[in-house]
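Chain A is the first sequence line, chain B the second, and so forth, proteins listed ahead of strands; every chain is numbered from 1.
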Number of protein chains: 2
Amino acid sequence: MTDTAPRPTLEAVAARAGVSRATVSRVVNGGDGVRQALVERVQQAVEELGYVPNQAARSLVTKRHDAVAVIVAEPESRVFADPFFARQLRGISKELTAHDNQLVLLLTEGRGDHARVGRYLAGGHVDGALVFSLHLDDPLPELIQRAGIPTVFGGRPGWSGGRDGVVYVDSDNRGGARDAVRHLLGLGRTRIAHITGPLDQTSAADRLDGYRDVMVDADPRLVEEGDFTARTGERAMRALLARCPDLDGVFAANDLTAAGALRALREHGRRVPDDVAVVGFDDMPPIAEQTEPALTTVRQDIEEMGRLMARLLLRGLDHAPSGVILPTTLVRRDSA
Amino acid sequence: MTDTAPRPTLEAVAARAGVSRATVSRVVNGGDGVRQALVERVQQAVEELGYVPNQAARSLVTKRHDAVAVIVAEPESRVFADPFFARQLRGISKELTAHDNQLVLLLTEGRGDHARVGRYLAGGHVDGALVFSLHLDDPLPELIQRAGIPTVFGGRPGWSGGRDGVVYVDSDNRGGARDAVRHLLGLGRTRIAHITGPLDQTSAADRLDGYRDVMVDADPRLVEEGDFTARTGERAMRALLARCPDLDGVFAANDLTAAGALRALREHGRRVPDDVAVVGFDDMPPIAEQTEPALTTVRQDIEEMGRLMARLLLRGLDHAPSGVILPTTLVRRDSA
DNA sequence: ATGAAAGCGCTAACAG
DNA sequence: CTGTTAGCGCTTTCAT
């Protein structure tokens with residue numbers, strides 16, 4: 001790696017402005033309590049020299065880093081197929097940027113990477129962590145707790161029952177699912193199937209619970225487990241069709257799954273929504289608007305989730321509510 | 001943000017092991033030239049105290065950060081619709097992780113963010129930068145050059161002609177495009193249309209060039225500009241169909257565009273591949289395998305691109321080749 | 001309101 | 001091989 005040209009230090013600026021380092025430091029950090037004349041002189045010197053504070057030196061004394069780790073622990077498949085991840089990142093990035101914080105991205109490939117993440121967190125490089133996509137049996141939270149660093153989880157962690165001090169942001173998965181199923185019911189459908197997500201994630205489990213809230217004693221054969229991918233959605237739909245040819249409605253755990261289901265339905269000559277009405281979850285425009293027919297779905301504001309997670313973390317977790325649940329809304333298009 | 005418990009310092013470890021700070025430092029950093037007995041004593045002290053080096057203090061003296069900035073300058077639309085971004089990130093992350101480097105993600109929302117990025121880069125927080133998705137008129141490279149920090153670009157920068165010392169990694173877009181069109185020709189198609197990407201990006205321009213290489217004097221009306229999104233691919237296909245109803249082949253600049261084209265084709269009652277053969281570009285499995293019919297497309301190894309970019313940067317740019325072009329391969333499925 | 005001085009925790013000569 | 005000694009560039013009392 002080529003060396004960077006030596007950058008001017010506080011010292012240099014002080015010399016040029018004819019003041020002490022302390023004064024320059026004050027000006028650079030807001031400049032209260034410094035005479036206006038001096039402030040200007042310093043600012044000019046900063047300008048002329050192109051001075052930029054050395055973050056390492058600053059962190060060394062302040063013990064702050066103005067950096068937040070974002071940890072994504074997710075099997076490849078989903079992260080790549082689904083714009084979900086990118087959207088959350090964007091929200092987080094916006095909020096962090098607005099507060100002059102940097103985003104350090106930690107992608108994990110599996111258990112092997114956990115030690116590394118733990119070490120990094122314990123290393124005190126960042127002021128906090130934002131963690132996604134935890135599965136029920138994930139050891140990551142344990143590590144993170146041990147690192148003793150402020151953390152906000154994206155999505156309700158499966159193990160949080162009882163654990164205190166766990167802060168998370170989630171969508172109203174259960175309520176959204178209820179809305180979806182009720183909408184189907186309102187359309188006169190009675191044989192409503194559900195293709196779930198991976199049930200070791202709370203978002204998927206909660207949506208299933210919502211489905212069951214409304215379909216109190218539904219035929220258990222109407223529920224098929226999926227994993228949030230289109231491929232599996234298609235396969236699940238085929239299984240459902242074979243098992244319950246009389247079904248007239250489907251609530252898919254996310255839009256990708258719904259897209260897969262739509263394919264299977266078309267393949268089997270079922271018209272949507274005439275024969276079978278379909279509702280998705282997420283409202284990812286590039287997916288929901290592109291399906292044939294366009295998808296009726298439950299919208300969650302993913303970017304806002306990201307933004308909120310960052311905001312909570314930056315504000316300080318001491319007075320933060322444990323869980324924040326964001327509302328969802330049903331978006332009607334053509335599939336139901 | 002809650003404070004982290006005060007962590008033990010080198011000093012503390014030294015005291016406990018009964019050696020000097022220098023010795024501890026040596027052990028922590030590889031430990032060559034230290035008697036085995038001492039090494040073990042120090043390691044045990046480290047263990048017992050749970051010592052982790054303070055990165056800020058270390059950077060302050062070494063002037064290295066073991067961190068790389070990844071800058072993504074891309075209008076929302078594409079980053080979110082396309083798994084492209086996530087894949088490259090994964091490749092980069094893997095390589096960086098393997099070399100104990102951190103990934104600092106900088107997402108820009110537009111011109112307004114450029115100053116911030118420039119400041120960050122100039123701030124000397126990172127040892128290098130990886131930059132994506134530059135458009136022809138993008139001022140970002142300028143800023144980056146000024147920051148004087150080692151940089152590798154993802155995709156051939158549009159302005160690199162003449163500029164020396166620009167290092168980039170790209171796919172063989174032009175060659176891949178030629179393969180795609182030749183394949184269509186080999187199928188006996190003669191009226192082959194092309195839906196381009198945004199032509200201010202070299203990847204799109206190069207693919208168009210590749211198309212023209214083969215279709216030397218093609219009817220110019222067979223070319224329609226797109227922007228790498230499905231929606232636009234659909235619209236472009238409609239326009240093409242209206243203008244040249246006799247077309248029998250389409251080369252779409254990427255898979256998403258091809259997916260959109262497929263929709264338009266279906267809507268117009270054209271059978272694929274019988275009436276119109278379609279070839280895409282990228283080979284994004286979640287897209288290419290899910291279209292109806294499955295997409296014949298030009299594969300590029302996106303994750304490898306990311307990995308290679310990181311590798312070049314970490315190895316040091318001084319002896320790096322200016323441009324590295326990765327090969328592409330045609331993947332036959334059902335659409336052509 | 002401003003300056004002097006003391007470190008933050010670490011590495012890197014330099015001695016020994 | 002190991003210890004001593006200087007800082008790296010910045011913030012922050014404490015005087016003035």
Protein heavy-atom contacts under 4.0 Å, written 5' to 3' over nucleotides 11-16 of chain D as B (base), S (sugar-phosphate only) or - (none), form the string BBB---
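- Residues B:Y168 and B:V324 fail the side-chain proximity criterion, which asks for heavy atoms closer than 4.5 Å.
- Neither OP1 nor OP2 of C:dA4 sits under 4.0 Å from any side-chain N or O of A:S20.
- For the pair A:L49 CG and D:dG9 P, the computed distance is 14 Å after rounding to whole Å.
- Screening A:E48, A:Q44, A:E11 against A:R16 for a side-chain hydrogen bond (donor to acceptor under 3.5 Å, both in side chains) leaves a single residue, A:E48.
- When rounded to the nearest whole Å, the span between CG of B:D66 and P of C:dT11 equals 11 Å.
- At whole-Å resolution of the value, CG in A:N54 and P in D:dG9 are 7 Å apart.
- Considering only the side chain of A:K63, C:dG9 comes nearest among D:dG9, C:dG9, C:dA1.
- Distance B:E11 CD to D:dT5 P: 13 Å, rounded to the nearest Å.
- Distance B:Q36 CD to D:dT2 P: 10 Å, rounded to the nearest Å.
- Here the C1' atom of nucleotide D:dC10 and the NE2 atom of B:H125 are 13 Å apart, to the nearest Å.
- Each of B:T151, B:I71, B:L313 was evaluated against B:L130; a single residue qualifies, B:L313, per the side chain to side chain contact (heavy atoms under 4.5 Å, CB included) test.
- A donor-acceptor pair is defined here as one N or O able to donate and one able to accept, closer than 3.5 Å; no such pair exists between the side chain of B:S59 and the backbone of A:A56.
- Between the side chain of A:N101 and the main chain of A:A67, a donor-acceptor pair closer than 3.5 Å is present.
- Taking 4.0 angstrom as the limit, A:T9 places none of its side-chain polar atoms (N or O) nearer than this to OP1 or OP2 of D:dG9.
- A distance-only check finds a donor-acceptor pair linking the side chain of A:D127 to the backbone of A:D66 [under 3.5 Å].
- For A:H65 and C:dC8, the NE2 to P distance is 16 Å, given to the nearest whole Å.
- Distance CG (A:L60) to C1' (D:dC8): 9 Å, rounded to an integer number of Å.
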Determine, step by step, whether A:E303 and A:R90 satisfy the salt bridge (Lys or Arg N to Asp or Glu O under 4.0 Å) criterion, reporting the C-alpha distance in whole Å, the side-chain angles of both residues, the deciding distance to 0.1 Å, and the verdict.
CA-CA 6 Å; A:E303 193 169 318; A:R90 179 72 66 172; 6.0 Å; no
